[in-house]
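To find a chain, count down the sequence lines: A is the first, B the second, and so on, and within it residues start at 1. Computed from a predicted model, the values in this text were never measured in an experiment.
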There are 2 protein chains.
Amino acid sequence: MHRSSRQGTNLQSVKWQNRAAVLETLWRFQPLSRRDLARRTDLTPATLTNIVAEFLDAGIVQETGFGEQRTGRRPTMLAFVPDCYFLLGVNLSRTEISIGLFDMRLNALHVLVHPIAVRIGDGPVDTLLHLIRQAVAESGLDWERIIAIGISAPGPLSGQEGMIYAPPHFPDWSYLPLGPLVQQAFNVPAWLENDANANALAEHWLGAGRAFNNFVYVENHSGLGSGIVLNGQLFTGSTGVAAEVGHTSIDHHGPRCACGNYGCVEMYASGPAIVERVRQAHAAGRRTLLTDWLGDALDGLTFDHVIDASHQDDPLSIEVLCEACRALGQGLVNAINLVDPEAIILGHKLHRFRDDCLESLREVIRQRAIPQAAARLNIVVTQLPEPAAATGAACRALSGLLQDPHLLLERTPAVG
Amino acid sequence: MHRSSRQGTNLQSVKWQNRAAVLETLWRFQPLSRRDLARRTDLTPATLTNIVAEFLDAGIVQETGFGEQRTGRRPTMLAFVPDCYFLLGVNLSRTEISIGLFDMRLNALHVLVHPIAVRIGDGPVDTLLHLIRQAVAESGLDWERIIAIGISAPGPLSGQEGMIYAPPHFPDWSYLPLGPLVQQAFNVPAWLENDANANALAEHWLGAGRAFNNFVYVENHSGLGSGIVLNGQLFTGSTGVAAEVGHTSIDHHGPRCACGNYGCVEMYASGPAIVERVRQAHAAGRRTLLTDWLGDALDGLTFDHVIDASHQDDPLSIEVLCEACRALGQGLVNAINLVDPEAIILGHKLHRFRDDCLESLREVIRQRAIPQAAARLNIVVTQLPEPAAATGAACRALSGLLQDPHLLLERTPAVG
DNA sequence: AGTTTTATATTACTATTTTATCAAATTGAT
DNA sequence: ATCAATTTGATAAAATAGTAATATAAAACT
């Protein structure tokens, strides 16, 4: 009601906050003993005996044996029961729909990939629901055991409303309340999230961000996406569009971007921008290995070709990618000076860049970011397992679950 | 110990969190009834009866009469006892030390201003302690009733350690643990904060930010300072230097800034930058009203002169200030696309800008920020009462107090 | 075998919020 | 005037969740 006032804490919220804290800690650092959990959450051992007993009763946590101990009684280690429930991760990309079934540890059990252009049934939602049903059927899992669904898609969208707004090039996905639609269709809680945000979250849970609670994630996949994690939580801003590093400007007199801004990082560092730079240089007479592969017209040149060529020591490709990295680095410098994160995580496709290209990104940050912020900054590369996109989506579902542990503990059977 | 793990909530923290929430809510929205407070904090009326009784007992809150009510029993309104305790706000600027004594509603009772260059005693700390003592003596207040001290200073500094690092041009203030020194000297809790951050907080408590929990504050006073408030809290980042809008770049090929970055907003929009632009234009033959005031050499031209001239419709001054506003606007666009705030608050000296200059800032934001973020964005001007700088510092002290209410409720008498 | 150390379980307890109920105060209709 | 309705605020018993103290278990070391 009064959003601007500060909320108090009642006993119920204490209970659920503590269960959420314990679950999250266990997930991220398992196996842990009760004692470990008590230390990490700042709760007492007695409280942890109680809370853990609830989790054991609910069958979501198990004792996995004994830990090492220099002296004294050996701790009983605890871990999630990986297959107590299963998570569905759905990623909508510009080219395909990927659906993954995951256990509670985010291990992929089954993956289904379908071209986004190929429709099944009446509309995009029908297609999606059909594919989800198909994926679950193929996996052989009982719907009863699927506890949450995460959906990631390129923006713009509203995670809170679960609504896709107006994705470029996909008019029939416009203004669809995808979250509620999926949730109602399967009677399973569902969350919709920006794809880069979902991946940022995945880095936090099981990738390069495990050690950090405050970081900026960027990926250069289809467009330049990014996400910010603050205090271990996705930071989405007041209207849900925060963290658009790709649409910060590094040159206010630069070319106009589709977003309305001028000189966006995306204009210099995204895949299409990189391809365009190579084409321009080639048209201006620069020689490149890429002509050996694609002919003199560079037919069908892609971002991947440029990355591949750079690994074959093609000077033009290396030069263009380094320049893109410097542009991205400059965008990150601005983000660092505003957000002062513990780490920068470089996501998909950046992980395939040559080291010397990434080094020029690091160099820009070292030289240009505020020294106090740059000094302790970690710049690391993604460590997400495949299928990365669906994992990110499933991770959003996991995050939703662990933040609302009654979804796990006080579960009423679902209806497929 | 394990900073990366999520903290649990114990019952003690519930108690103090709730008291903090109630105090903060009451401070910001007083007068409120117990019922109002219950609604706003999401606690039960019974709990509020109890908590308010504690505050009444401690003498920090009082009943101020009855509120209006359509029907039913009239609510008893509650408010802070303004003079139950007093706060000290100390601002160190590049030119002077201002010390203000404030009541709990941040009304200024007494203000003392002293040139920073004039020393009293051995060193800068001696001078400061002497001036604080003097200010309190002049105010006639008993040291016993001074409950907290806030100190604001230009960065770089560490609020957590209460340490000033290396302020440009003030070598003898370097690496002074000013917070602890002042706290020990007077046995009163003291907090050190970046001046722009303190002012951002003040806007949140009693200025243009009262209605917002997420905003970016910028001021163009001595340098281009800024602060970010997220979820009603000052956001300081992982090393404490977050929110440096002035040191984000709008042109990666721009001139080098002292901070190491290139093309910082500060290089285009700060007072010195504006003065320099006017000088350059004048040297290039542009006519300006300023020569009427300062002679043809523009001796002693200041930022204030330029602002004054703009109000006298001097075309050059207007042009330069508008250009500065566009540069600042571009920096804010980047901040908006990263942070997605509810509001931008324009602080000191910007409040003296001509409307058409600020309008060009607004225009840049409207045209360039991500539409979804820009649509609901409020761009407002500071509403801090004078003495603004000392008020900001006092506000930091107030914020520290209300976040740790046992400083108010379980107070042991101080020793001057 | 006995001591020390560490982990976990148990029990009784404490602090705080909460539920339920009641009293007080006001409006307005009858 | 009286009564019903409405809202605020007070009170006391109840519920809840975490906690301190203590006991027990299990291992290492001497």
Tell me whether B:T41 contacts the main-chain N or O of B:L37 through its side chain, where contact means a donor paired with an acceptor under 3.5 Å.
yes
N/O donor-acceptor pair under 3.5 Å between B:Q30 side chain and B:F80 backbone
yes
Taking only residues two or more places apart in sequence or in another chain, which ones pass side-chain contact (heavy atoms from CB on, under 4.5 Å) with B:D103?
B:P82, B:F86, B:R105, B:N107
In whole angstrom, what separates B:E54's CD from D:dG9's P?
17 Å
Closer than 4.0 Å, any side-chain N/O of B:R35 to the OP1 or OP2 of D:dT6?
no
Is there any protein nitrogen or oxygen under 3.5 Å from a nitrogen or oxygen in nucleotides 19-23 of chain D, and what are the pairs?
from: D:dT19; atom 1: OP2; to: A:T44; atom 2: OG1; distance (Å): 3.2
from: D:dT19; atom 1: OP2; to: A:T47; atom 2: OG1; distance (Å): 3.3

Within the side chain of B:W27, is there an N or O that forms a donor-acceptor pair under 3.5 Å with the backbone of B:M104?
yes
Separation of B:I51 atom CD1 from D:dA10 atom P, in whole Å?
13 Å
Between A:F66 and A:R19, which residue's closest nucleotide on DNA chain D lies nearer the 5′ terminus?
A:R19
Under a 3.5 Å threshold, yes or no: a donor from one side chain and an acceptor from the other, between A:S33 and A:D36?
yes
May I ask you to decide if A:E342's main-chain N or O and A:N214's side chain share a donor-acceptor pair within less than 3.5 Å?
no
Separation of B:K15 atom NZ from D:dA17 atom C1', in whole Å?
16 Å
Taken in chain and number order and not counting sequence neighbours, the residues that satisfy salt bridge (Lys or Arg N to Asp or Glu O under 4.0 Å) with B:R19 are B:E54
Sequence neighbours left out, what pairs pass side chain to side chain donor-acceptor pair (under 3.5 Å) with at least one residue falling in residues 73-83 of chain B?
none
For a 4.0 angstrom threshold against heavy atoms of chain A, report the outermost contacting nucleotides of DNA chain C in 5' to 3' order.
C:dT5 to C:dT18
Contact residues, residues 73-80 of chain B to DNA chain C [heavy atom, < 4.0 Å]
B:R73, B:R74
Answer yes or no: is there a donor N or O on one side and an acceptor on the other, between the side chain of B:H204 and the main chain of B:F212, under 3.5 Å?
yes
Compare all side-chain heavy atoms of A:I228 with those of B:V339 and state whether any distance is below 4.5 angstrom.
no
Quick check: closest heavy atoms across B:N197 and B:T236, and the distance to 0.1 Å?
ND2-CG2, 4.1 Å
Taking only side-chain N and O atoms of B:R39, does any of them lie within less than 4.0 angstrom of OP1 or OP2 on D:dT8?
yes
Expressed as a whole number of angstroms, how long is the span from B:L37:CG to D:dT8:C1'?
13 Å
